[in-house]
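Notes to accompany the following structure.
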Protein chains: 2
Amino acid sequence: MTSTDPTPRPSVRPTRQRRAVAAALAGFDDFRSAQEIHDLISQQGESVGLATVYRTLATLADAGEVDMLRNEDGEAIWRSCSDTHHHHLVCRTCGATVEVEGPAVERWTSAIATEHGYADISHTLEIFGTCPACR
Amino acid sequence: MTSTDPTPRPSVRPTRQRRAVAAALAGFDDFRSAQEIHDLISQQGESVGLATVYRTLATLADAGEVDMLRNEDGEAIWRSCSDTHHHHLVCRTCGATVEVEGPAVERWTSAIATEHGYADISHTLEIFGTCPACR
DNA sequence: CGCTGATTGAGAACCGTTGTCAAACCCGCC
DNA sequence: GGCGGGTTTGACAACGGTTCTCAATCAGCG
């Protein structure tokens with residue numbers, strides 16, 4: 001509210017815990033739940049509280065550095081991501097993930113939305129299947 | 001496992017409770033949570049256990065008579081639907097929903113999946129925006 | 001009418017996620 | 001190097017949606 005406030009950014013500190021979460025994410029190339037990430041960190045000898053893992057993931061997601069989506073059970077799963085808009089093809093058995101881009105889909109969704117008079121459009125599209133290795 | 005089993009269908013009985021859930025669903029044309037549906041039934045003087053509401057919704061969803069999807073918090077929300085495969089254009093302000101079909105999207109997703117060797121494909125696609133009335 | 005399997009409801013259990021709050025920590029400053 | 005104050009953390013409780021349990025009840029059929 002105070003427009004004269006001289007410190008607009010809350011200053012995110014690079015702590016050991018945040019580094020551990022980032023490292024764990026870098027070690028995966030597919031989507032993992034917060035608990036799995038927490039387990040991996042523990043197995044590597046580090047100790048980071050589960051609440052901190054959640055907090056850090058939420059921060060990273062806000063910053064656009066990780067994708068967060070929900071599996072079919074409604075659980076949140078995370079993965080580091082490229083910075084362009086894209087969708088995912090996820091193996092529902094092993095979690096193997098392929099990033100896919102679909103200009104056609106982008107065009108189709110905005111066309112449909114415009115056609116119905118909807119503005120300020122966003123969309124979610126995820127594809128689930130069984131990957132070659134899991135069949 | 002017993003391929004000789006003579007009664008493949010478990011026979012779903014049309015009970016008072018199931019009728020109440022169906023009636024509640026018919027009264028909405030947008031997505032509602034199980035608890036909201038349960039509340040509506042209570043307000044109408046009927047008494048149906050929450051667990052029964054969940055069970056009935058799950059059954060209806062299996063039968064393809066209602067759509068179930070997840071909002072951004074991961075909660076399940078339901079709505080009665082037409083029996084063809086389709087997606088939704090949902091107003092993020094008032095919840096107004098338009099059912100849309102996208103043969104192009106269906107084709108695109110299965111093409112992408114096949115291309116990467118994924119089988120047994122399913123997908124989720126929802127479009128969010130602001131409807132004409134809410135702008 | 002009586003049988004039998006399907007269905008129900010109340011509440012406990014479950015589980016992912018978020019809130020609480022005192023202790024620990026980081027960083028700029030003296 | 002030592003301080004000071006806001007940031008971050010972790011252990012744990014709390015929360016909320018969903019599912020499970022199981023005895024009581026019900027629906028349809030002979």
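In the text below, chain A, chain B and the rest are named by the order of the sequence lines, each starting its count at 1. Predicted model only: the values in this text are computed from it and were never measured. FYI, side chains are in, hydrogens and waters are out, and symmetry mates aren't considered; it's all heavy atoms of this structure.
One atom, NE2 of A:His38, and another, P of C:dC15, lie 17 Å apart when rounded to the nearest Å. Computed from coordinates, the B:Glu46 CD to C:dT8 P distance equals 12 Å when rounded to whole Å. Atom CG of B:Asn71 is separated from atom P of C:dT17 by 14 Å (rounded to the nearest Å).
B:Phe128 belongs to a hydrophobic cluster with B:Val90, counting contacts under 4.5 Å between side-chain heavy atoms of Ile, Leu, Val, Met, Phe, Trp and Tyr, direct or through other members.
Relative ring orientation between A:His87 and A:His123 is described as tilted, the plane-to-plane angle lying within the 30° to 60° band.
Contacts classified as salt bridge (Lys or Arg N to Asp or Glu O under 4.0 Å) and involving residues 54-65 of chain A (residues at least two apart or in different chains) are not found.
Residues A:Ile41 and A:Gln17 form no side-chain contact, since every pair of their non-hydrogen atoms from C-beta on lies 4.5 Å or further apart.
Side-chain atoms of B:Thr59 and B:Arg18 form no donor-acceptor pair, as typed in the model, at a separation below 3.5 Å.
The phosphate of D:dG10 (OP1 or OP2) has a side-chain N or O of A:Gln17 nearer than 4.0 angstrom. At C:dT8, none of the side-chain N or O atoms of B:Arg16 fall inside 4.0 Å of OP1 or OP2 (strictly under the cut-off).
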Quiz item: If the sugar-phosphate is the primed atoms plus P, OP1 and OP2 and the base is the rest, what is the B/S/- string for nucleotides 16-26 of chain D, using protein heavy atoms under 4.0 Å?
Solution: -SBBBB----B
Quiz item: Hey, mind stepping through A:Glu126 and A:Arg70 against salt bridge (Lys or Arg N to Asp or Glu O under 4.0 Å) and telling me if it holds?
Solution: CA-CA 9 Å; A:Glu126 313 302 337; A:Arg70 303 213 172 247; over 6 Å; no
